[in-house]
Amino acid sequence: MNILLATSTTAMSGEGVYNYGLVIFLMMTGLYLVLAKGNMIKSVIGLNIFQVSVIMFYVSMGRVEHGTAPILLEQDLPHHDSEHGHDNHDDSEDHGLLQTRSDVALASTADGNHDADGGTDSDVHPQAHPEDTEANSPSLHTVDGRTAYSNPLPHVLMLTAIVVGVATTALALALVVRIREYYETIEEDIVDAIENRLQKEEAQS
Amino acid sequence: MLASYRGFDTLGETTVVLTAAVAVMLLLGRPKEEEHDLSKSPDPIIEVGAKMLIPYILLFALYVQFHGDFGPGGGFQAGVMFAAAYILHALSGTVRSAQEAASENVVEKLIPLGVLLYAAVGVWCVLKGGNFLEYNALDPEHPAHGQHLGILLVELGVGITVFSAMLMIFYKFALRGREVR
């Protein structure tokens, strides 16, 4: 447990946090565009940049140290007839191949997580001495004899966000097209002015 | 693979794409008088170059579509790639020529078809005695086969909807033209 705490504190002070800076920069850029620009197309672009910053934040959170892409490697495939070559005992079986695959991937990532409370099984400590494991491991993505996978959950969540983002962007641009056809402008201030003038004329008549 | 343990979520995403396409169609609708196709036939070099690229884009889209059962890929990416091939066709020629390849009427009907296919797979699972979108029930003897079949059909539905929605959104924007000034 103290090893886990130590790694987390070094990560907070070290070079592993540049993604926060990048995300904050992107987010503020998007916010500035949305707030400061009267051009509606630029506002939509700002919203998109804002959204990308959130997506990048989540995706960077899903990284696991030494982790590979969360696709189950051949050596980690559960074989029902023979025992696994690794000490990778998993309780999931006979749910169908794909079900088992995802279960194993999730289990591996939960073990490789930085979170102190993420690892539920206390006998496995994947965060033990990084230099030690690098010396012993045959592969780059192996931690304590088990393959480390990046956390797939943030990625799939962000897939939803991307899809919704595309949909809302299309809708926003369609609205801008209609606004331009009606007011012949896409500047918010001018649209406001036209609206005010129309209201005054209506009140006078 | 994504559709295996996140079936409901992906169904929702597909519905979001459907809703966006419907909303854009409602907002931009059919152009009032004669349709404005401002795109004029460009350089022959661009036309021939795009023609050479399109088959490979389509092939890669198919690969991504059917590889989605086992690894990275799936309906969303493949659908967008498919739509990109048609949009490239439209950009390198005219929107009219792309509409001859994929007519607006057909694309319009494909958008809900994909979502319906997805939902139908879910209902099929229920009829087979499982839960909604529990693919294992499709083939009680070999649950893995059921998984494969279910995911294949579901990804196909996603691909169809995303492809047709993207293409329809492009058509609507491209044909709207510049009616003011």
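Owing to the predicted nature of the structure, the values given are computational and were not obtained by experimental measurement. Letters A, B, ... mirror the listed sequences (proteins, then strands); counts begin at 1.
With values rounded to the nearest 0.5 angstrom, A/L173 atom CG is found 9.5 Å from B/I169 atom CD1. For the atom pair CG of B/L26 and CZ of A/R178, the computed distance is 10.0 Å after rounding to the nearest 0.5 Å. Distance OG1/B/T10 to CG/A/L159: 7.5 Å, rounded to 0.5 Å.
Contacts between A/L175 and chain B at a heavy-atom distance below 4.5 Å involve backbone atoms as well as side-chain atoms.
Other residues, nucleotides and ligands contribute at most 12 non-hydrogen atoms within 6.0 Å of the OH atom of B/Y63. Surrounding CD of A/E202 are at most 12 heavy atoms belonging to other residues, nucleotides or ligands under 6.0 Å away.
In terms of heavy atoms, B/V24 sits closest to A/A174 at CG2-CB, 4.1 Å.
Between B/L27 and A/L171 the shortest side-chain heavy-atom distance falls below 4.5 Å.
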